[in-house]
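Written below as structure tokens is the structure these notes are about.
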Amino acid sequence: MAYCRENDLPLPEQINWAWIPFSGHWGISTSFFQIAAQEARQGKKVQVGARAQELAQAVADHLGTPPGFERVEAVRGYLNLYFLTPEYSRRVVDDVLDRAADYGRGEDRHEQVMVEFSQPNTHKAFHVGHLRSAILGDVLARMLDFAGYETVRANYPGDMGLHVIKWLWNYMTHHRGERPETDITAWMGKLYAEASKRLEEHPELEAEVRALYARWDRRDPEVVALWEETREWSLQGFRALYEVLDVHFDRYYFNSQEEQAGKRVVEELIAKGIALDERPEGAVIVKLDELLGNEKEKYRVLVVLRSDGTALYATEDLALAIQKFVDYPRLSRSFYVVDVRQSLHFQQVFKTLELAGYPWAGRCEHIPYELVNLPGNVVMASREGTVVLLEDLIREAFSRALEVVEQKNPDLSAEQKQAIARAVGLGAIKYPMLARENTKIVTFDWQAALDFNGQAAPYIQYAYVRANSILRKVGGALPAAMTPEYELSPAEVALIELLSRLPNDVQRAAEEKRPLYIANLAYETAKAFNDFYNQCPVLTADAEVRSFRLRLVAAARQAIANSLALMGITAPEAM
RNA sequence: GCCCCUGUAGCUCAAUGGACAGAGCAGUAGCCUUCUAAGCUAUUGGCUGUGAGUUCGAAUCUCACCAGGGGCGCCA
């Protein structure tokens with residue numbers, strides 16, 4: 001800046017510093033293309049590339065080598081400032097070790113946010129397609145919490161609807177008195193699929209289902225009692241699965257509880273002139289584009305109540321959105337992790353609430369994600385039988401991981417092997433759902449899901465294990481904080497640089513709701529560690545080198561553990 | 001008809017508007033008396049769907065088109 005002023009050059013609005021994008025080199029860089037381009041526009045006859053390099057060189061000469069930096073160079077229009085590696089290395093390693101499990105954690109923002117995710121339907125199976133919302137939502141909540149937000153995790157099971165009535169009908173007519181044994185959710189799903197099949201084969205039986213729905217509407221005690229009992233079975237099954245997945249919730253909302261409240265909200269909308277009551281010929285609708293004066297259709301029409309007066313999903317969503325802010329008045333954001341097909345629906349609901357005058361409506365946000373399909377772009381649907389049940393996937397992943405650990409490390413105790421198999425199997429399941437854009441379809445196939453090599457969670461866990469193994473061999477306390485006096489190898493510099501990125505990437509991932517950034521960083525850090533592991537002996541190195549490297553290994557282990565924790569993946573002590 | 005998402009190596013995916021577009025898998029050739037080989041090294045593989053535009057600079061932003069997927073008044 002000073003140099004520009006002195007030399008009568010156009011001042012850049014701000015200097016954008018970026019990391020030098022070469023591995024093994026560590027520092028910051030900026031470019032001079034903008035200034036050169038500005039000059040060109042002002043009529044000076046300059047060739048932008050060459051002029052940028054000229055400026056970079058001039059500034060490099062002007063700067064000399066500022067304190068804290070090792071050297072400064074001008075390359076192809078870029079000005080690169082290389083850190084004084086020993087000092088920065090010490091700072092990063094010390095920081096990681098001092099803050100330990102909190103390394104990467106952001107400052108407390110004094111803001112409360114809610115993440116609603118998972119929304120499983122009771123009386124149905126839990127398949128791999130449902131897994132994405134559970135894992136994505138869980139990790140978003142972990143990231144937001146770690147980034148410094150007070151985070152409320154909410155679940156919203158669909159515990160009433162036609163699917164439940166169908167299930168109850170099938171149970172009452174064919175399974176009365178039966179109870180689920182193990183794999184509750186799979187059993188519930190089986191009965192639901194059976195109900196769908198029966199009704200498909202004998203459409204005349206629909207009348208019985210309708211009659212049962214009417215009994216539910218009257219709150220017939222027998223139906224209500226059976227619903228309550230069987231609903232609890234499903235919820236119990238879900239709790240067991242969440243436990244295995246290490247996914248937890250602070251708050252449960254049920255759509256059965258929002259039904260009446262939703263109807264009251266609709267009454268209010270009608271009274272305010274927002275909703276149009278076309279009953280009995282039509283439904284109760286909100287003509288959003290008309291209300292907003294939009295020329296082109298954008299929000300279209302939201303149906304908020306059926307013509308027969310019964311509630312829809314939208315009815316309940318209106319009530320739920322309100323309920324969340326009643327329960328948590330401080331909420332600065334209310335996130336909905338729901339698949340992308342419901343984007344329009346949520347835009348409509350939030351816009352309707354805004355029109356109704358709820359001041360927080362703009363703080364609701366839908367976080368869309370794409371589906372998990374089967375090869376050939378086949379959508380998972382219980383009715384079609386095109387599903388991979390979560391129970392089956394977990395069982396397969398665990399047993400496959402157990403096989404591998406038996407082979408790799410036969411001397412461990414059976415208990416240890418079980419724990420490792422769980423950690424590895426679960427990691428292998430979660431990672432592929434996190435290491436891609438939310439808006440990209442995940443194609444599930446067994447082979448890829450059970451491949452423990454390459455860019456996958458086990459690779460990252462293995463790096464952790466290797467670091468752990470070195471430190472275990474040494475035992476005792478780490479050497480005291482120190483600045484490395486020897487010349488660090490490129491592998492060491494690259495590793496330290498990656499360790500330093502965690503805090504920044506946590507913020508970025510939380511702001512953009514993209515676990516992908518953490519998944520990538522964790523993998524890259526593990527890769528850098530393996531590189532280091534192969535090139536830089538630790539235990540056999542000279543005393544001073546050994547001491548610093550031990551600290552570096554401990555820091556790497558910590559950073560990897562922290563990013564795995566952010567992804568809800570366990571770091572095993574051995575593998 | 002309108003709107004949204006996706007299109008990058010044979011396959012699955014990365015890449016704050018910046019420096020030679022990178023990984024994994026698959027293929028090929030190697031590395032275990034040395035901190036765990038679930039690892040590492042080397043090598044093969046690309047007009048980033050097409051065409052314009054903006055910019056000093058585009059996989060990235062804008063527009064048009066092509067291809068695939070999804071959503072659009074009483075399903076959830």
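In this text, all values refer to a predicted model and were calculated from it rather than measured experimentally. Computation of the quantities below employed the complete heavy-atom set of this structure, encompassing side-chain atoms and omitting hydrogens, waters and symmetry-equivalent molecules. Every chain is numbered from 1, with letters handed out A, B, ... down the list of sequences.
A/K351 places its NZ atom 20 Å from the C1' atom of B/G73, with the value rounded to the nearest Å. Between the CG atom of A/L371 and the P atom of B/C5 there is a distance of 16 Å, given to the nearest Å. Look at OH on A/Y533: it is 13 Å from P on B/G39, rounded to the nearest Å. At whole-Å resolution of the value, OH in A/Y523 and C1' in B/G39 are 11 Å apart. The nearest whole Å value for the distance from the CD atom in A/E295 to the C1' atom in B/C2 is 15 Å. With rounding to whole Å, A/L478 atom CG is found 20 Å from B/C35 atom P. The interatomic distance linking A/E512 (CD) with B/U16 (P) rounds to 9 Å, in whole Å. The separation between A/F33 atom CZ and B/U54 atom P is 20 Å, rounded to whole Å.
Checked by atom type, the side-chain pair A/Q535/A/D531 shows a donor-acceptor distance below 3.5 Å. Of the N and O atoms on the side chains of A/Y517 and A/R514, at least one donor lies less than 3.5 Å from an acceptor on the other residue. In this structure, a donor-acceptor pair under 3.5 Å is absent between the side chains of A/D159 and A/T122. A donor-acceptor pair shorter than 3.5 Å can be found between the side chains of A/Y82 and A/E73. For the residue pair A/E492/A/Y486, the side-chain donor-acceptor check at 3.5 Å is satisfied.
No N or O donor and acceptor, one from the side chain of A/S343 and one from the base of B/C4, sit under 3.5 Å apart. In the interface, the side chain of A/S31 is not paired with the base of B/A19 through any donor and acceptor atom under 3.5 Å apart.
For the P atom pair drawn from B/G49 and B/A15, the interatomic distance equals 15 Å after rounding to whole Å. For the P atoms, the distance from B/G57 to B/C20 is 15 Å, rounded to whole Å. Remark: the separation of the C1' atoms in B/G46 and B/C11 is 15 Å, to the nearest Å. The C1' atoms of B/U28 and B/G45 are separated by 12 Å, rounded to the nearest whole Å. Here, B/A23 and B/C40 have their C1' atoms 15 Å apart, quoted to the whole Å. Distance noted for atom C1' between B/G24 and B/C5: 25 Å (whole Å). Across the C1' atoms, B/U48 and B/A14 are found 12 Å apart, a figure rounded to whole Å. B/U41 sits 16 Å from B/C32 when the P atoms are compared, rounded to a whole Å.
For B/C13, the OP1/OP2 oxygens have a side-chain nitrogen or oxygen of A/R436 closer than 4.0 Å. Phosphate proximity of B/A76 to A/R306: present, with a side-chain N or O under 4.0 Å from OP1 or OP2. Put simply, A/R341 has no side-chain N or O that comes within less than 4.0 Å of OP1 or OP2 on B/C5.
Nucleic acid contact for A/V304: none, since no nucleic acid atom lies under 4.0 Å from a heavy atom of the residue. Across all strands, A/L312 comes closer than 4.0 Å only to sugar-phosphate atoms, never to a base (heavy-atom distances). When heavy atoms are screened at a 4.0 angstrom cut-off, A/N409 is found touching base atoms of the nucleic acid. Among the atoms of the strands shown, base atoms are found under 4.0 Å from some heavy atom of A/G282.
Summarising the base pairing, B/C61 is matched to B/G53 through a Watson-Crick or G-U wobble pair whose two defining distances lie under 3.5 Å. Using N1 to N3 plus N6-O4 or O6-N4 for Watson-Crick, or N1-O2 and O6-N3 for G-U wobble, each under 3.5 Å, B/A67 pairs with B/U6.
Taking every side-chain heavy atom of A/I441 into account, B/G69 is the closest of B/C2, B/G69, B/A23. Among B/A76, B/C2, B/A38, the nucleotide with an atom closest to any side-chain atom of A/N121 is B/A76.
Geometrically, A/R466 does not engage A/F529 in a cation-pi contact, judged by NZ or CZ lying under 6.0 Å from the ring centre and within 45° of the ring axis. Taking the ring centre of A/F254 as origin, the terminal cationic atom of A/R231 falls inside the region bounded by 6.0 Å and 45° from the ring axis.
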Short N/O separations, protein against nucleotides 7-10 of chain B, under 3.5 angstrom:
from, atom 1, to, atom 2, distance (Å)
B/G7, OP1, A/K440, NZ, 3.2

